J.: 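Please find one structure pasted underneath; my questions will follow.
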Amino acid sequence: MRKIVIANSKGGVAKTTTSVNLGAGLARRGHPTLLIDLDTQGHIARSLGIEPHVTLATVVEEEIPPQEAMIQARPNLYILAGGRELAGTKRLIARRDLGSEMALYEALAPLDSQFEFVLLDTAPSWDVLNINALFYANEILVPVSLEVLALHGVADFIASVKVVQRYNPNVQLRYILPTFLDLRVAKSNEILEQLQGHFNGLVLPPIRYSVRLSEAPGFGQSIFEYAPGSRGALDYEELVERIEKG
Ligand SMILES: Nc1ncnc2c1ncn2[C@@H]1O[C@H](COP(=O)(O)OP(=O)(O)O)[C@@H](O)[C@H]1O
Ligand SMILES: [Mg+2]
């Protein structure tokens, strides 16, 4: 079971878009996939057209098996929804005397090997749930927007990851995903080259800017449902194939 956390302490870099479409793409290719939303905004469920009646908060707080809170979104695709209740979950975890970084790991332990992929979408912060995600996952994928001063934020984030790695050597920075590539903007290519210079083998083929990608969540659909054949669908399909290969 590959456990991949999609993280970057910056907001608006396409963490949620990537989680949803990577998850949907892997599921479409036959891989049982679980998508976990660690954000109080709860965008994962809505992006897939689901109104969750139960969330991850219940799993952690009431210690019920995660299977009881999973919602099937598509064939092979299940979600553990996020949302406002996670604010309370964070406070609860933070109050633990011991092992607060392992709360998610313990809550999700009953899942083992039921899925091929577990993807964790995180909030744009360095909060207790995100730290928990890094203690649960094996792989980290960092989306980086090519529209903004990307490198600063990434460097800070990676420094924090290195601290976690001292305690959880099993989690590895595997992928840097450039997002919002706009070929008309020279800066976009410049930042892409900087990323490649810095992270070399970790940098995935970029996701181009695509209006379709921003429209799809409003229809509760993945890009493969909403606009198959669009730029966004092609780019995310390529991402899915790369992640599938490992
Ligand atoms: N490649 C893209 N082209 C155009 N819009 C995008 C693209 N990727 C994401 N978006 C849009 O940008 C906004 C931020 O993306 P989101 O995935 O929510 O970022 P994050 O989860 O990192 O905060 C959303 O409105 C999303 O629909
Ligand atoms: Mg998000």
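Order of appearance sets the numbers: ligands from 1, and atoms from 1 within every ligand. Along the sequence shown, the residues carry numbers beginning at 1. Values in this document were obtained by computation on a predicted structure and should not be read as measured data.
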J.: Do side-chain atoms of Asn132 reach the backbone of Ser100 as a donor and acceptor pair under 3.5 angstrom?
T.: yes

J.: Are the side chain of Glu193 and the backbone N or O of Glu190 linked by a donor-acceptor pair below 3.5 Å?
T.: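 Side chain of Glu193 to backbone of Glu190, a donor-acceptor pair under 3.5 Å: no, none is there.
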
J.: Starting from atom 2 (C) of ligand 1, find the nearest protein heavy-atom neighbour and note its residue, name and distance.
T.: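 Heavy-atom neighbour on the protein nearest atom 2 (C) of ligand 1: Leu213 CD1, 3.6 Å.
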
J.: Is the backbone of Ile6 close enough, under 3.5 Å, to the side chain of Thr122 for a donor and an acceptor to pair up by distance?
T.: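 Flag set: sc Thr122 to bb Ile6 pair under 3.5 Å.
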
J.: Strictly less than 4.0 Å: does any protein heavy-atom distance to atom 16 (P) of ligand 1 fall in that range?
T.: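 Flag for atom 16 (P) of ligand 1 set to true, protein heavy atom closer than 4.0 Å.
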
J.: Judged by atom type as modelled, is there a donor-acceptor pair below 3.5 Å linking the side chain of Arg212 to the main-chain atoms of Ala233?
T.: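 A pair under 3.5 Å: no.
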
J.: Suppose I only count heavy atoms of Val13 and a 4.0 Å limit; which atoms of ligand 1 are within that range?
T.: 19 (O), 20 (P), 22 (O)

J.: Side chain of Asn21, backbone of Thr17: donor and acceptor closer than 3.5 Å?
T.: yes

J.: Show your reasoning for whether salt bridge (charged side-chain N to carboxylate O under 4.0 Å, His left out) applies to Arg29 and Glu237.
T.: CA-CA 10 Å; Arg29 291 169 71 88; Glu237 185 70 40; 3.1 Å; yes

J.: Sorted by chain and residue number, which protein N/O/S atoms are under 2.8 Å from the Mg ion (ligand 2)?
T.: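 Atoms qualifying: Thr16 OG1.
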
J.: Polar contacts were defined as any N/O atom of the residue lying under 3.5 Å from an N/O atom of the ligand; does this apply to Thr16 and ligand 1?
T.: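 Indeed, backbone or side chain, Thr16 has an N or O that close.
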
J.: Which word best sums up how the rings of Tyr167 and Phe135 line up, parallel for under 30°, tilted for 30 to 60°, or perpendicular for over 60°?
T.: tilted

J.: I'd like to know if Leu38 and Ile140 are part of one continuous hydrophobic network [Ile/Leu/Val/Met/Phe/Trp/Tyr, side-chain heavy atoms within less than 4.5 Å].
T.: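 In one cluster: yes.
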
J.: Starting from atom 8 (N) of ligand 1, what is the nearest protein heavy atom, named by residue and atom, and what distance separates them?
T.: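 Going atom by atom, the protein heavy atom closest to atom 8 (N) of ligand 1 ends up being Phe180 CZ, 3.6 Å.
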
J.: Assigning hydrophobic clusters by single linkage (Ile, Leu, Val, Met, Phe, Trp, Tyr; side-chain heavy-atom cutoff under 4.5 Å), is Val5 placed with Leu239?
T.: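 Result: no, two separate clusters.
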
J.: With a heavy-atom distance limit of 4.0 Å, tell me whether Arg208 approaches ligand 1 through its side chain, its backbone, both, or neither.
T.: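 Backbone only; the side chain of Arg208 stays clear of ligand 1.
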
J.: Identify the protein heavy atom lying closest to atom 14 (C) of ligand 1, giving its residue, its atom name and the separation to 0.1 Å.
T.: Gly12 CA, 4.0 Å

J.: Within the 4.5 Å heavy-atom criterion, are Pro206 and Leu192 side-chain neighbours or not?
T.: yes

J.: Do ligand 1 and Tyr209 have nitrogen or oxygen atoms that lie under 3.5 Å from each other?
T.: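 It does not: no N or O of Tyr209 is found under 3.5 Å from an N or O of ligand 1.
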
J.: Could you walk me through whether Val203 and Val144 satisfy the side-chain contact (heavy atoms from CB on, under 4.5 Å) test, starting with their C-alpha distance in whole Å, then the side-chain angles of each, then the deciding distance to 0.1 Å, before giving a yes or no?
T.: CA-CA 10 Å; Val203 182; Val144 177; over 6 Å; no

J.: Using atom types as modelled and distance alone, determine if a side-chain donor or acceptor of Glu215 lies under 3.5 Å from a backbone N or O of Tyr226.
T.: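 No; judged by distance alone, with no hydrogens or angles, the pair does not exist.
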
J.: Counting heavy atoms only, which of Ser145, Ala14, Ser210, Ser47 is nearest atom 4 (C) of ligand 1?
T.: Ser210

J.: Hey, does the side chain of Asp182 reach the backbone of Tyr209 with a donor-acceptor pair shorter than 3.5 angstrom?
T.: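 Answer holds: no.
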
J.: Please list the nearest protein heavy atom to atom 27 (O) of ligand 1 with its residue and the distance rounded to 0.1 Å.
T.: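 The protein heavy atom lying closest is Ser214 CA, 3.2 Å.
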
J.: Starting from atom 9 (C) of ligand 1, locate the nearest protein heavy atom and write down its residue, its atom name and how far away it is, to 0.1 Å.
T.: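 Protein heavy atom at minimum distance: Thr17 OG1, 3.2 Å.
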
J.: Counting heavy atoms only, name the option from Glu215, Arg231, Lys10, Lys15 that's nearest to atom 22 (O) of ligand 1.
T.: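 Closest candidate by heavy-atom distance is Lys15.
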
J.: Under a heavy-atom criterion of less than 4.0 Å, does Thr179 contact ligand 1?
T.: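 In this structure, Thr179 fails to qualify as a contact of ligand 1 - no heavy atom is under 4.0 Å.
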
J.: How about atom 24 (C) of ligand 1: does it have a protein heavy atom within less than 4.0 Å?
T.: no

